[in-house]
Amino acid sequence: NDIITNQTKYPVGDPIVISAANDYVLAFQEGRDRSYDVLLSNGSYDLGGDILTRGVYKIGDAATMTSDLTLDGAGDPTSVFIIQIGSTFTTTANIKLINDAQPKNIYWIVVSTSIIGADTNLAGVMITGSTVNVKDNTIIRGSILSRSNGEPTIYGSQILDAQGNPDAYFVFRSSLNLTFQQDTNTVLINGSQSSNVFWITDKSVNVESNVNLTGNIIMGTGGVTPGENLLLDGRLLSTGGALTLNNAIFSKATGNTSLP
C-alpha cells in the first residue's frame, strides 16, 4: 500500500514502501522468534498482578490481563521488555510503569488478535499478526501495528494525551476504508493540538451521525459522506474523491497542520 509521510506520497513499489513493509515483517518475526528469558506458560496465562523486570517473556497460547500488570525498570530507563504471546491477547486492566520503565522500550508481539478493554491503558509498541480492537476510553502510550485485512472502525471516545508536549503527533494510518461510528468522540488532553492529529486512508471515509472529530482527515481515491451533525475541529482533504456535507460544523485546527 501507499505511504504518506512528511507530506509526500510514496506509491506501491517505491523502495520506501517496500522497506517499510519489510521492516514490519522483520520486527514481528524477530520479536516472535527471539530467545526468551522466562517462560510464563506453554499454554494460556493471565498477566494480571505480575511484576516483571527487564527481559523477554513467553506465553505459548492466549494471554489475558484481568488485573493491573506492573513493569519495573529497576532505575534503568533503557530497560527493555518483550512479551511474546502465541495466540490472542485480551486486556481488562492497566499497565503500571515504575522505576523508570519507558513505553518506548516495551514490545508486545501478538500472533493473533488483540482486544484492549474499555477504560484501560496500554503502554508500549504492539505488533500483531491480525486485528486489534480498542474499546471505549482507552489510553495508548505507544503505538499499534497490524497487518489486518479488515477495514478499521473507530467508535466510542478516543483520548489523545500529549503528556505536556504540544508538539506530540498522533497518526492513524489505514490502506482501507475508514469508518467513524455514531457518537464517536475525540478528546484532547495535556497539550494535544488538533493540528497534530492525522487520520489517513488510501480510500474513503464513512462518518455516521453525531460524530465529534478532531484533526486532519486525509483521503486518497475515495471521498467522504458524513452523517448528520458532524462536528470537526480540523480539515477534510481528498486527493480524488467527493466531499458531501450534511449539517456539519467545522472549526479551524490550531497549529500548522503538517506531518512530522
Quiz item: Are Phe170 and Val187 linked, directly or through other ILVMFWY residues, by side chains that come within less than 4.5 angstrom of each other?
Solution: no

Quiz item: Taking all atoms of both residues into account, what is the closest heavy-atom pair of Ala162 and Gly191, and its distance?
Solution: CB-C, 3.7 Å

Practice problem: Check whether any side-chain heavy atom of Asn133 sits under 4.5 Å from a side-chain heavy atom of Lys135, and report yes or no. | Solution: yes

Self-check item: Straight-line distance of Asn185 CG to Asn212 CG, nearest 0.5 Å
Solution: 4.5 Å

Quiz prompt | Asp46-Thr66 side chain donor-acceptor pair, cut-off 3.5 Å | solution = yes

Quiz item: Quick one: ring pair (Phe, Tyr, Trp, His ring centres under 6.0 Å) partners of Trp199, sequence neighbours excluded?
Solution: Phe172, Phe180

Practice problem: Report the C-alpha distance between Ile154 and Thr186 in whole Å, list the side-chain angles of each, state the deciding distance to 0.1 Å, and finish with yes or no for side-chain contact (heavy atoms from CB on, under 4.5 Å). | Solution: CA-CA 10 Å; Ile154 311 297; Thr186 306; over 6 Å; no

Quiz item: With distance as the sole test, does Trp108 use its side chain to make a donor-acceptor pair with the main-chain N or O of Thr128 at under 3.5 Å?
Solution: no

Exercise. Would you check if Leu176 and Thr201 make a side-chain contact, meaning some heavy-atom pair closer than 4.5 Å?
Key: no

Practice problem: Kindly write out the residues that satisfy ring pair (Phe, Tyr, Trp, His ring centres under 6.0 Å) with Phe81, not counting sequence neighbours, or none if the list is empty. | Solution: none

Exercise. Output, in order, the C-alpha distance, side-chain angles, deciding distance and verdict of side-chain contact (heavy atoms from CB on, under 4.5 Å) for Ser209 and Asn229.
Key: CA-CA 6 Å; Ser209 61; Asn229 304 319; 5.8 Å; no

Quiz item: Which pair of heavy atoms, one from Pro77 and one from Gln102, lies closest together, and at what distance?
Solution: O-CG, 3.4 Å

Practice problem: Return yes if a side-chain donor-acceptor contact under 3.5 Å exists between Asn94 and Thr120, otherwise no. | Solution: no

Quiz item: Hey, does the side chain of Ser67 reach the backbone of Gly49 with a donor-acceptor pair shorter than 3.5 angstrom?
Solution: yes

Practice problem: Pick out which of Val132, Thr179, Leu178 makes a side chain to side chain contact (heavy atoms under 4.5 Å, CB included) with Pro152. | Solution: Leu178

Practice problem: Verify the neighbour count for atom CG of Asp37: are there more than 12 heavy atoms of other residues, nucleotides or ligands below 6.0 Å? | Solution: yes

Quiz item: Do the side chains of Ile95 and Asn121 get nearer than 4.5 Å, heavy atoms only?
Solution: yes

Quiz item: Is there a side-chain contact between Ile200 and Arg173, using heavy atoms and a 4.5 Å cut-off?
Solution: yes

Quiz item: Is the side chain of Thr131 donor-acceptor paired with the backbone N or O of Thr113 at a distance under 3.5 Å, no angle test?
Solution: no

Exercise. Answer whether the closest heavy-atom distance between the side chains of Tyr57 and Tyr36 falls below 4.5 Å.
Key: no

Practice problem: Identify whether Tyr169 and Ile189 are in the same connected component of the hydrophobic contact network (ILVMFWY, side-chain heavy atoms under 4.5 Å). | Solution: no

Practice problem: May I ask you to decide if Asp167's main-chain N or O and Gln193's side chain share a donor-acceptor pair within less than 3.5 Å? | Solution: no

Practice problem: Could you pull out the closest heavy-atom pair between Gln163 and Arg141, with the gap in Å? | Solution: NE2-CD, 3.7 Å

Self-check item: Evaluation steps, side-chain contact (heavy atoms from CB on, under 4.5 Å), between Leu69 and Leu52
Solution: CA-CA 8 Å; Leu69 168 68; Leu52 305 182; 4.1 Å; yes

Practice problem: Apply side-chain hydrogen bond (donor to acceptor under 3.5 Å, both in side chains) to Asp233 and Thr214, showing your working. | Solution: CA-CA 5 Å; Asp233 178 10; Thr214 296; 4.6 Å; no

Quiz item: Any ion pair linking Asp72 and Lys96 (charged N to carboxylate O, less than 4.0 Å)?
Solution: no

Quiz item: Which pair of non-hydrogen atoms, one from Ser112 and one from Thr88, has the smallest distance, and what is that distance?
Solution: OG-CG2, 3.8 Å

Quiz item: Which pair of heavy atoms, one from Ala62 and one from Ser87, lies closest together, and at what distance?
Solution: N-CB, 3.6 Å

Self-check item: Spacing of CZ belonging to Arg54 relative to CG belonging to Asn105, to within rounding of 0.5 Å
Solution: 9.0 Å

Self-check item: Heavy-atom check, side chain of Ile82 versus side chain of Ile109, under 4.5 Å
Solution: yes

Quiz item: Hey, are the side chains of Val111 and Ile85 touching, using non-hydrogen atoms and a 4.5 Å cut-off?
Solution: no

Exercise. Calculate, to the nearest 0.5 Å, the distance between atoms CG and OG belonging to Asn216 and Ser194 respectively.
Key: 7.5 Å

Quiz prompt | Heavy-atom pair of closest approach, residues Arg32 and Gln84 | solution = O-NE2, 3.5 Å

Quiz item: Is the backbone N or O of Gly48 less than 3.5 Å from a side-chain atom of Asp68, with the two atoms forming a donor-acceptor pair by type?
Solution: no

Exercise. Check whether any side-chain N or O of Asp61 sits under 3.5 Å from a backbone N or O of Asn42 as a donor-acceptor pair, and report yes or no.
Key: no

Quiz item: Within a reach of under 6.0 Å around CG of Leu39, are more than 12 heavy atoms found that belong to other residues, nucleotides or ligands?
Solution: yes

Quiz item: How many angstroms lie between OG in Ser41 and CG in Leu47, if you round to the nearest 0.5 Å?
Solution: 10.0 Å

Quiz item: Under a 4.5 Å cut-off applied to non-hydrogen side-chain atoms, are Ile144 and Val134 in contact?
Solution: yes

Quiz item: Is there a donor-acceptor pair closer than 3.5 Å between any side-chain N or O of Asp161 and the backbone N or O of Ile139?
Solution: no

Practice problem: For the pair Asn177 and Ser204, evaluate side-chain contact (heavy atoms from CB on, under 4.5 Å) and give the outcome as yes or no after the intermediate values. | Solution: CA-CA 5 Å; Asn177 296 324; Ser204 62; 2.9 Å; yes

Self-check item: Point-to-point distance, once rounded to the nearest 0.5 Å, from CD of Gln182 to CD of Glu228
Solution: 10.5 Å

Quiz prompt | Passing candidate, side chain to side chain contact (heavy atoms under 4.5 Å, CB included) with Met126, options Ile106, Ile116, Ile83 | solution = Ile116

